[in-house]
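Because only heavy atoms are used, hydrogens play no part in the values below, and waters and symmetry mates are left out as well, while side chains stay in.
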Amino acid sequence: MKMLTQKIMWLGMVLVLIVLTVFGLAMMGSVLGSKSKELPVALVILDQPTELSTGGTFAVGEMIQ
């Protein structure tokens with residue numbers, strides 16, 4: 001456990017955490033500040049309803065739509 005008592009190791013761990021935090025905040029700043037433009041969206045559902053063992057049908061496409 002001699003490794004846990006070394007100051008250089010703790011300094012290195014703190015430095016790595018600081019660098020990761022700075023890069024993470026920089027990435028979040030660029031993502032949060034962006035504005036979305038008019039984006040066309042299409043929902044294409046080509047699945048068929050399936051038959052259940054109880055005799056009913058299960059249509060996931062209609063549930064999503």
Side-chain angles (χ1 to χ4, degrees):
M1 301 301 347
K2 192 173 189 180
M3 186 173 70
L4 293 177
T5 60
Q6 294 179 357
K7 292 180 184 178
I8 284 273
M9 193 234 8
W10 287 111
L11 183 64
M13 286 176 47
V14 169
L15 187 65
V16 167
L17 285 175
I18 290 172
V19 168
L20 288 175
T21 303
V22 167
F23 280 118
L25 291 174
M27 184 172 31
M28 283 308 214
S30 66
V31 170
L32 294 176
S34 65
K35 302 282 183 187
S36 62
K37 309 244 176 177
E38 293 182 24
L39 299 174
V41 177
L43 178 63
V44 180
I45 301 173
L46 299 174
D47 66 333
Q48 301 292 327
T50 185
E51 295 291 326
L52 297 175
S53 60
T54 60
T57 60
F58 185 62
V60 177
E62 291 179 12
M63 291 171 50
I64 294 173
Q65 190 177 10

**Student:** Please report the interatomic distance CE(M13) to CG(L15), rounded to the nearest 0.5 Å.
**Tutor:**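 Going from the CE atom of M13 to the CG atom of L15 covers 12.0 Å.
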
**Student:** Using a 6.0 Å cut-off, check whether atom CG of L20 has over 12 heavy atoms from anything other than its own residue.
**Tutor:**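 For L20, atom CG is crowded (more than 12 foreign heavy atoms under 6.0 Å).
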
**Student:** Where is the tightest heavy-atom contact between L17 and T21, given as atom of each residue plus distance?
**Tutor:**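 The pair with the smallest heavy-atom distance is O-OG1, 2.7 Å.
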
